[in-house]
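What you see below is based on every heavy atom in this structure, not just the backbone, and it leaves out hydrogens, waters and symmetry mates. Numbers restart at 1 for each chain; the letters A, B, ... are given by sequence-line order, proteins then strands.
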Number of protein chains: 2
Amino acid sequence: MLMHVVTFRWKPDVTPDQVAALRTTLGALPAQIPELVNYRHGPDLGVRDGNADYAVVATLRDMDALFTYLQHPDHVRAAAGPLAAMTQTRSSVQVDLG
Amino acid sequence: MLMHVVTFRWKPDVTPDQVAALRTTLGALPAQIPELVNYRHGPDLGVRDGNADYAVVATLRDMDALFTYLQHPDHVRAAAGPLAAMTQTRSSVQVDLG
(Lines give C-alpha, C1' and ligand atoms only; values in the text may rest on other atoms or scores of the structure.)
Protein backbone atom coordinates (compact mmCIF):
# COMPACT_ATOMS: atom_id res chain seq x y z
CA MET A 1 0.00 0.00 0.00
CA LEU A 2 1.23 3.48 -0.88
CA MET A 3 0.43 6.92 0.48
CA HIS A 4 0.54 9.84 -1.96
CA VAL A 5 0.82 13.10 -0.04
CA VAL A 6 0.65 16.58 -1.53
CA THR A 7 0.45 19.99 0.13
CA PHE A 8 -0.39 23.12 -1.85
CA ARG A 9 0.24 26.78 -1.14
CA TRP A 10 -2.12 28.93 -3.19
CA LYS A 11 -1.36 32.05 -5.15
CA PRO A 12 -2.45 35.21 -3.26
CA ASP A 13 -5.47 35.84 -5.51
CA VAL A 14 -7.14 32.44 -5.05
CA THR A 15 -10.78 32.85 -3.94
CA PRO A 16 -12.94 30.75 -1.58
CA ASP A 17 -15.13 29.90 -4.57
CA GLN A 18 -12.13 28.42 -6.39
CA VAL A 19 -11.29 26.32 -3.33
CA ALA A 20 -14.91 25.15 -3.04
CA ALA A 21 -14.99 24.19 -6.73
CA LEU A 22 -11.68 22.34 -6.36
CA ARG A 23 -13.04 20.41 -3.36
CA THR A 24 -15.99 19.28 -5.46
CA THR A 25 -13.73 18.27 -8.35
CA LEU A 26 -11.34 16.30 -6.12
CA GLY A 27 -14.24 14.86 -4.16
CA ALA A 28 -15.50 13.25 -7.35
CA LEU A 29 -12.19 11.46 -8.06
CA PRO A 30 -12.69 8.36 -5.88
CA ALA A 31 -15.82 7.43 -7.84
CA GLN A 32 -13.96 8.05 -11.10
CA ILE A 33 -10.69 6.34 -10.17
CA PRO A 34 -11.26 2.97 -8.46
CA GLU A 35 -7.53 2.62 -7.73
CA LEU A 36 -8.05 5.11 -4.89
CA VAL A 37 -8.36 2.97 -1.76
CA ASN A 38 -8.77 6.11 0.37
CA TYR A 39 -8.77 9.77 -0.57
CA ARG A 40 -8.62 12.53 2.02
CA HIS A 41 -8.26 16.18 1.11
CA GLY A 42 -9.22 19.62 2.22
CA PRO A 43 -8.23 23.18 3.08
CA ASP A 44 -5.97 24.08 5.97
CA LEU A 45 -7.75 24.86 9.23
CA GLY A 46 -5.72 28.02 9.78
CA VAL A 47 -4.66 27.12 13.30
CA ARG A 48 -0.92 27.36 12.78
CA ASP A 49 1.12 30.17 11.25
CA GLY A 50 3.06 29.45 8.10
CA ASN A 51 0.97 26.48 7.06
CA ALA A 52 0.26 25.69 3.43
CA ASP A 53 -3.34 25.95 2.17
CA TYR A 54 -4.55 22.52 1.09
CA ALA A 55 -3.58 18.87 1.41
CA VAL A 56 -4.36 15.68 -0.46
CA VAL A 57 -3.57 12.26 0.98
CA ALA A 58 -4.38 9.36 -1.33
CA THR A 59 -3.93 5.70 -0.41
CA LEU A 60 -3.36 3.28 -3.28
CA ARG A 61 -2.58 -0.40 -3.50
CA ASP A 62 0.74 -0.22 -5.35
CA MET A 63 2.91 1.70 -7.79
CA ASP A 64 0.77 0.69 -10.80
CA ALA A 65 -2.29 2.10 -9.06
CA LEU A 66 -0.39 5.28 -8.22
CA PHE A 67 0.53 5.89 -11.87
CA THR A 68 -2.95 4.94 -13.06
CA TYR A 69 -4.27 7.63 -10.71
CA LEU A 70 -1.67 10.24 -11.68
CA GLN A 71 -2.28 9.66 -15.40
CA HIS A 72 -6.06 9.25 -15.18
CA PRO A 73 -7.85 11.85 -17.38
CA ASP A 74 -9.97 13.10 -14.48
CA HIS A 75 -6.89 13.58 -12.28
CA VAL A 76 -4.95 15.18 -15.11
CA ARG A 77 -7.87 17.54 -15.77
CA ALA A 78 -7.91 18.62 -12.11
CA ALA A 79 -4.14 18.93 -11.90
CA ALA A 80 -3.69 20.77 -15.19
CA GLY A 81 -6.80 22.89 -14.70
CA PRO A 82 -7.77 24.39 -11.35
CA LEU A 83 -4.76 23.10 -9.40
CA ALA A 84 -2.26 24.52 -11.88
CA ALA A 85 -4.11 27.84 -11.91
CA MET A 86 -4.31 28.08 -8.12
CA THR A 87 -0.94 26.72 -7.00
CA GLN A 88 2.04 28.84 -6.07
CA THR A 89 4.06 25.94 -4.60
CA ARG A 90 3.41 22.29 -3.94
CA SER A 91 5.22 19.61 -1.97
CA SER A 92 4.73 15.96 -2.80
CA VAL A 93 5.88 12.68 -1.26
CA GLN A 94 4.97 9.07 -1.93
CA VAL A 95 5.48 6.70 0.98
CA ASP A 96 5.47 2.90 1.07
CA LEU A 97 3.11 1.84 3.85
CA GLY A 98 4.18 -1.80 3.55
CA MET B 1 -11.48 13.97 13.04
CA LEU B 2 -8.45 15.92 11.87
CA MET B 3 -5.61 15.09 9.53
CA HIS B 4 -2.21 16.64 10.28
CA VAL B 5 -0.04 16.52 7.15
CA VAL B 6 3.63 17.47 6.96
CA THR B 7 6.16 17.05 4.16
CA PHE B 8 9.88 17.57 4.75
CA ARG B 9 12.72 18.33 2.38
CA TRP B 10 16.05 17.41 3.95
CA LYS B 11 19.25 19.36 3.99
CA PRO B 12 21.76 18.00 1.42
CA ASP B 13 23.99 16.37 4.05
CA VAL B 14 21.32 14.21 5.69
CA THR B 15 22.39 10.56 5.84
CA PRO B 16 20.38 7.31 5.48
CA ASP B 17 21.27 6.54 9.09
CA GLN B 18 19.67 9.80 10.25
CA VAL B 19 16.52 8.94 8.30
CA ALA B 20 16.46 5.43 9.78
CA ALA B 21 16.87 6.82 13.31
CA LEU B 22 14.10 9.35 12.69
CA ARG B 23 11.78 6.57 11.47
CA THR B 24 12.37 4.71 14.71
CA THR B 25 11.76 7.83 16.79
CA LEU B 26 8.54 8.73 14.98
CA GLY B 27 7.47 5.11 14.95
CA ALA B 28 7.47 5.14 18.73
CA LEU B 29 5.14 8.15 18.99
CA PRO B 30 1.77 6.33 18.65
CA ALA B 31 2.56 4.27 21.76
CA GLN B 32 3.65 7.42 23.58
CA ILE B 33 0.83 9.69 22.44
CA PRO B 34 -2.58 7.99 22.66
CA GLU B 35 -4.25 10.96 20.94
CA LEU B 36 -2.85 9.60 17.68
CA VAL B 37 -5.73 7.68 16.07
CA ASN B 38 -3.52 6.82 13.08
CA TYR B 39 0.07 7.73 12.29
CA ARG B 40 1.59 7.12 8.87
CA HIS B 41 5.05 8.33 7.95
CA GLY B 42 8.04 7.46 5.85
CA PRO B 43 10.62 8.46 3.27
CA ASP B 44 9.75 9.36 -0.30
CA LEU B 45 9.89 6.46 -2.76
CA GLY B 46 11.90 8.48 -5.27
CA VAL B 47 9.59 7.77 -8.19
CA ARG B 48 8.86 11.38 -9.13
CA ASP B 49 11.29 14.24 -9.74
CA GLY B 50 11.11 17.22 -7.47
CA ASN B 51 9.44 15.40 -4.59
CA ALA B 52 10.19 16.23 -0.99
CA ASP B 53 11.92 13.60 1.17
CA TYR B 54 9.60 12.52 3.96
CA ALA B 55 5.94 12.75 4.94
CA VAL B 56 3.97 12.42 8.15
CA VAL B 57 0.19 12.03 8.15
CA ALA B 58 -1.37 11.91 11.61
CA THR B 59 -5.08 11.42 12.27
CA LEU B 60 -6.43 12.84 15.52
CA ARG B 61 -9.89 13.12 17.03
CA ASP B 62 -10.10 16.91 17.37
CA MET B 63 -8.21 20.15 17.85
CA ASP B 64 -7.44 19.42 21.52
CA ALA B 65 -5.87 16.13 20.51
CA LEU B 66 -3.88 17.90 17.78
CA PHE B 67 -2.37 20.36 20.25
CA THR B 68 -1.77 17.66 22.84
CA TYR B 69 0.24 15.84 20.16
CA LEU B 70 2.11 18.92 18.97
CA GLN B 71 3.03 19.90 22.53
CA HIS B 72 3.73 16.39 23.80
CA PRO B 73 7.33 16.10 25.14
CA ASP B 74 8.10 13.13 22.89
CA HIS B 75 6.86 14.98 19.80
CA VAL B 76 8.66 18.16 20.81
CA ARG B 77 11.87 16.16 21.34
CA ALA B 78 11.60 14.68 17.82
CA ALA B 79 10.68 18.00 16.23
CA ALA B 80 13.30 20.07 18.05
CA GLY B 81 15.96 17.38 17.76
CA PRO B 82 16.46 15.26 14.64
CA LEU B 83 13.74 16.94 12.55
CA ALA B 84 15.10 20.43 13.17
CA ALA B 85 18.63 19.25 12.40
CA MET B 86 17.61 17.47 9.18
CA THR B 87 15.01 19.79 7.71
CA GLN B 88 15.67 22.35 4.99
CA THR B 89 11.99 23.12 4.34
CA ARG B 90 8.71 21.74 5.58
CA SER B 91 5.10 22.15 4.47
CA SER B 92 2.27 21.56 6.92
CA VAL B 93 -1.51 21.50 6.64
CA GLN B 94 -4.24 20.48 9.08
CA VAL B 95 -7.49 19.35 7.49
CA ASP B 96 -10.91 18.79 9.06
CA LEU B 97 -12.09 15.33 7.99
CA GLY B 98 -15.56 15.90 9.44
Engineer: If you check both backbone and side chains, which donor-acceptor pairs between chain B and chain A fall under 3.5 Å?
Structural biologist:
residue	atom	partner	partner atom	Å
B:T7	OG1	A:S91	OG	2.6
B:R40	NH1	A:T59	OG1	3.1
B:D44	OD1	A:Q94	N	2.8
B:L45	N	A:Q94	O	2.8
B:N51	ND2	A:Q94	OE1	2.8
B:A52	N	A:S92	O	2.8
B:T59	OG1	A:R40	NH1	3.1
B:S91	OG	A:T7	OG1	2.6
B:S92	O	A:A52	N	2.8
B:Q94	N	A:D44	OD1	2.8
B:Q94	O	A:L45	N	2.8
B:Q94	OE1	A:N51	ND2	2.8

Engineer: Mind checking whether B:L36 and B:L60 have side chains closer than 4.5 Å, heavy atoms only?
Structural biologist: yes

Engineer: Does B:L70 share a hydrophobic cluster with A:L45, counting links as ILVMFWY side-chain heavy atoms below 4.5 Å and allowing steps through other members?
Structural biologist: yes

Engineer: Looking at every heavy atom in both A:P30 and A:G27, which two are closest together, and how far apart are they?
Structural biologist: CD-O, 3.3 Å

Engineer: Is there a side-chain contact between A:L66 and B:V47 in this structure, where contact means two heavy atoms from C-beta onward sitting under 4.5 Å apart?
Structural biologist: yes

Engineer: Which one, B:L2, B:V57, B:V95, leads in non-hydrogen pairs under 4.5 Å with chain A?
Structural biologist: B:V95

Engineer: Taking B:V5 as the starting point, is it possible to reach A:L83 by hopping between hydrophobic residues whose side chains are less than 4.5 Å apart?
Structural biologist: no

Engineer: Should A:L22 and A:V14 be regarded as members of a common hydrophobic cluster, given that ILVMFWY residues are connected when their side-chain heavy atoms come within less than 4.5 Å of each other, either directly or indirectly?
Structural biologist: yes

Engineer: Can you tell which part of B:L97 gets under 4.5 Å to a heavy atom of chain A, answering side chain, backbone, both or neither?
Structural biologist: side chain

Engineer: Can you see which heavy atom on B:V93 is nearest to which on A:P43, and at what distance?
Structural biologist: CG1-C, 4.5 Å

